[in-house]
Amino acid sequence: MPQADNQLAPGGQSTADLVVIGGGVAGLWTSLKALRAGLSVILVEKSGLAAGASGGFMGALMPHMPERWDDKKQFQYEALCALESEAARLEDETGLPVHYRRVGRLTPLFSERQRMQAEARIEAARPVWNGRFAYSLPALEDHAAWLDPDAAPFGAVYDDLSARVSPSHLLGALDAASSANAQFRMVKGEAAAIDSDVASLELTDGSVVSFGNLVIAAGLGAFPLIESLTGCPGGSLGNPVKGQAALFAVKSLPALADDLPVIFGDGTYVIAHGDGTLAVGATSETEFLDPFTTDEKLDAVMEKARRLSPALANARLVERWANLRPRPAGRDPMLGQVPGCPNVYAVAGGYKITFGIAHYMADAVLASITGGHGPAIPPTFLPEAHIAKSKSRLAKNHA
C-alpha cells in the first residue's frame, strides 16, 4: 500500500469535496464510491490502512436469522446480494483478487431444540429471501472431510446465501482502485476536532483539512468524534470488544476447496479462503487486559475449530491476531447525518457484519450527500436513534 501523504497545501490546509476519516473497510468503500461519483476525496488515517478491526482474517459474510424480519435485516440481505457484483467489478478494475465466493454456511446442531429451530428457519427464509436462497438440512456424509459428523450430533443446517471474502485482499484492491484516481489523496494524521460550521477538520499536528462534506468511518474512534459533535457523554455511544483469530496454512483441502462452506459452530468460525489459507476465530471479549495480544482464549477457539473440522488436523499456524472491534451501544450500525451537523455523516459501527454491508452503507450515505438514489437507511441506524437509546439508558442508570 502507498505511503500516506502528510504534506498539506500551503498554509497547512487542504480541501476536498469529501473527507473520510478512517482507512478500514468502511472508509475505503466510502472513498471509492465517492470517487466513482466524481467527488474529490481525502482519506485521513492515523495509523495505516486496516490498522484496526478491518485487519483481521475472518471475512465471513453471513445473514441475520430470517425470523422477525425487519428493515435492518432487509438492508443486510440486499447488501449481501449486491456484494457479489461489487467484488467482481473491483477485481475487473484492479486486476487483483479479493477471493469473494458465495460458499454458504454449515452450522452444526447440538440439540433437538436447535434442529427444530433449523427446520423452522427453512420455512421462515422462503418469503424473506424471495426463493433466491434457502436453508436445508444436508446429509453430513456429503461434508465429512470438512465438517466432522461427530461434531454435529443432530446434523447441520446449511444456507446458500452466506459467503466469504479475504479481508486483506479486499482492502488491497479497494486501496488500489482509489489510489489510481487522480482525485484521491491519503493524509496520515489523527482527527482532533471537527468544526461543522466552517467545514474543517483539525488534526492533532495542528494542520487543517477543509471539506464539502465529511464522513466519520473511524471504527472505534468514530464514537468519541460523534460524541464530541453531539454533546453525548464520553463512552455512551459505543465500546470496544476484543477479538482474536488465527490463520493457518494447510497442505491440502478436501475436493472443491474453493466451495467449502463457512463453518460456524459453538461460537467458532472456520473459513477456507481462496488463497489456500484457513481462518479460525473469533472471540468477543468485553473484558481484557491487553487488546492487542493473543492468549489462552484464542487457544480454546483453535481447539474448538480442530474438533469441528478434520482439515485442521495437520494445519500449520501462520499468524495470530488480536484487536478491538467497535460495538455501538445501540447495537445497530451507525449510518447517516450527525444531528446538528448537516455536512457530517457517520458510516460506522457495523461490528461483526461490516465486511458484508460497508459497500451498501457507503451507497446510502453518498445518496444522502449527493441527492442521488441509494438504499434507504433503516431508522434504527440513524445517529439520532443511537443518541436517543444512549440517553434512555443513562436515564435508567441514574433513576
Do the side chains of [Y] and [X] get nearer than 4.5 Å, heavy atoms only?
| X | Y | answer |
| --- | --- | --- |
| Phe248 | Arg306 | yes |
| Leu214 | Ile21 | yes |
| Lys33 | Glu86 | yes |
| Val262 | Tyr269 | yes |
| Leu43 | Leu49 | yes |
| Leu171 | Val25 | yes |
| Val215 | Asn213 | no |
| Phe355 | Leu83 | no |

For [X] and [Y], test the side chains for any donor-to-acceptor distance below 3.5 angstrom and give the result as yes or no.
| X | Y | answer |
| --- | --- | --- |
| Asp266 | Thr268 | no |
| Tyr100 | Glu84 | no |
| Ser200 | Asp195 | no |
| Gln244 | Trp321 | no |
| Asp159 | Ser162 | yes |

Donor-acceptor pair, side chain of [X] and main chain of [Y], under 3.5 angstrom:
| X | Y | value |
| --- | --- | --- |
| Lys73 | Glu67 | yes |
| Thr94 | Leu90 | yes |
| Ser179 | Ala176 | no |
| Ser390 | Ser236 | yes |
| Ser31 | Gly27 | yes |
| Thr370 | Leu366 | yes |
| Asn343 | Ser196 | yes |
| Asp160 | Phe133 | no |
| Glu202 | Ile194 | no |
| Asp295 | Lys297 | yes |

Could you tell me whether Tyr135 and Tyr158 have their ring centroids closer than 6.0 angstrom?
->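 Between Tyr158 and Tyr135, which both carry aromatic rings, the centre distance is not below 6.0 Å.
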
Contacts of His99 that satisfy ring pair (Phe, Tyr, Trp, His ring centres under 6.0 Å) - sequence neighbours left out |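 For His99, the residues satisfying ring pair (Phe, Tyr, Trp, His ring centres under 6.0 Å) (neighbours in sequence not counted) are His169.
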
Rounded to the nearest 0.5 Å, what separates atom [atom1] in [X] from atom [atom2] in [Y]?
| X | Y | atom1 | atom2 | result |
| --- | --- | --- | --- | --- |
| Arg121 | Glu123 | CZ | CD | 13.5 Å |
| Met186 | Ser178 | CE | OG | 10.5 Å |
| Ser368 | Gln337 | OG | CD | 8.0 Å |
| Thr283 | Lys242 | OG1 | NZ | 7.0 Å |
| Ile387 | Ile226 | CD1 | CD1 | 8.0 Å |
| Leu80 | Leu61 | CG | CG | 6.5 Å |

Please, which pairs that meet side-chain hydrogen bond (donor to acceptor under 3.5 Å, both in side chains) have at least one residue in residues 322-333, sequence neighbours excluded?
->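 Residue pairs passing side-chain hydrogen bond (donor to acceptor under 3.5 Å, both in side chains), neighbours aside: Lys72-Asp332, Ser284-Arg325, Asp332-Thr380.
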
Does Asp259 come within less than 4.0 Å of Arg101, counting only side-chain N to carboxylate O?
->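 Arg101 and Asp259: salt-bridged.
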
Before accepting this row, confirm whether a basic side-chain N of the pair Glu45/Lys188 lies closer than 4.0 Å to the acidic partner's carboxylate O.
->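 The answer is no: the pair does not qualify as a salt bridge.
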
Between [X] and [Y], which heavy-atom pair has the shortest distance, and what is it?
| X | Y | result |
| --- | --- | --- |
| Pro328 | Gly349 | CG-O, 3.1 Å |
| Ala315 | Ala311 | CB-O, 4.3 Å |
| Arg320 | Thr294 | NE-OG1, 2.8 Å |
| Val270 | Ala305 | CG2-CB, 3.8 Å |
| Leu298 | Ala245 | CD2-O, 3.4 Å |
| Leu18 | Ala34 | CD2-CB, 3.6 Å |

Could you name each residue pair satisfying salt bridge (charged side-chain N to carboxylate O under 4.0 Å, His left out) that touches residues 87-96, not counting sequence neighbours?
->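 Found Arg36-Glu93, Arg89-Glu93.
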
Could you state whether [X] and [Y] fall into the same hydrophobic cluster, counting links through intermediate Ile, Leu, Val, Met, Phe, Trp or Tyr residues with side-chain heavy atoms under 4.5 angstrom apart?
| X | Y | value |
| --- | --- | --- |
| Tyr360 | Tyr351 | no |
| Leu96 | Leu32 | no |
| Val103 | Val157 | no |
| Val187 | Leu225 | yes |
| Met302 | Phe264 | no |

Should Glu119 and Leu137 be marked as a side chain to side chain contact (heavy atoms under 4.5 Å, CB included) after you check the CA-CA gap, both sets of side-chain angles, and the distance that decides it?
-> CA-CA 8 Å; Glu119 291 170 349; Leu137 293 166; 3.7 Å; yes

Indicate the ring-plane relationship of Trp129 and Tyr77, choosing parallel, tilted or perpendicular according to the 30° and 60° boundaries.
->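 The rings of Trp129 and Tyr77 lie parallel, inter-plane angle below 30°.
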
Take atom CG in Asp290; do more than 12 heavy atoms of anything else shown fall under 6.0 Å from it?
->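 Atom CG in Asp290 is packed in, count exceeds 12.
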
Mind running side chain to side chain contact (heavy atoms under 4.5 Å, CB included) on Ser309 and Leu147 for me, showing each step along the way?
-> CA-CA 5 Å; Ser309 180; Leu147 173 63; over 6 Å; no

Could you give me the CA-CA distance, side-chain angles and deciding distance for Arg185 and Ser40, then say whether side chain to side chain contact (heavy atoms under 4.5 Å, CB included) is met?
-> CA-CA 9 Å; Arg185 288 179 60 208; Ser40 59; over 6 Å; no

Would you please test Glu319 and Phe57 for side chain to side chain contact (heavy atoms under 4.5 Å, CB included) and show each step?
-> CA-CA 9 Å; Glu319 188 175 354; Phe57 309 134; 3.8 Å; yes

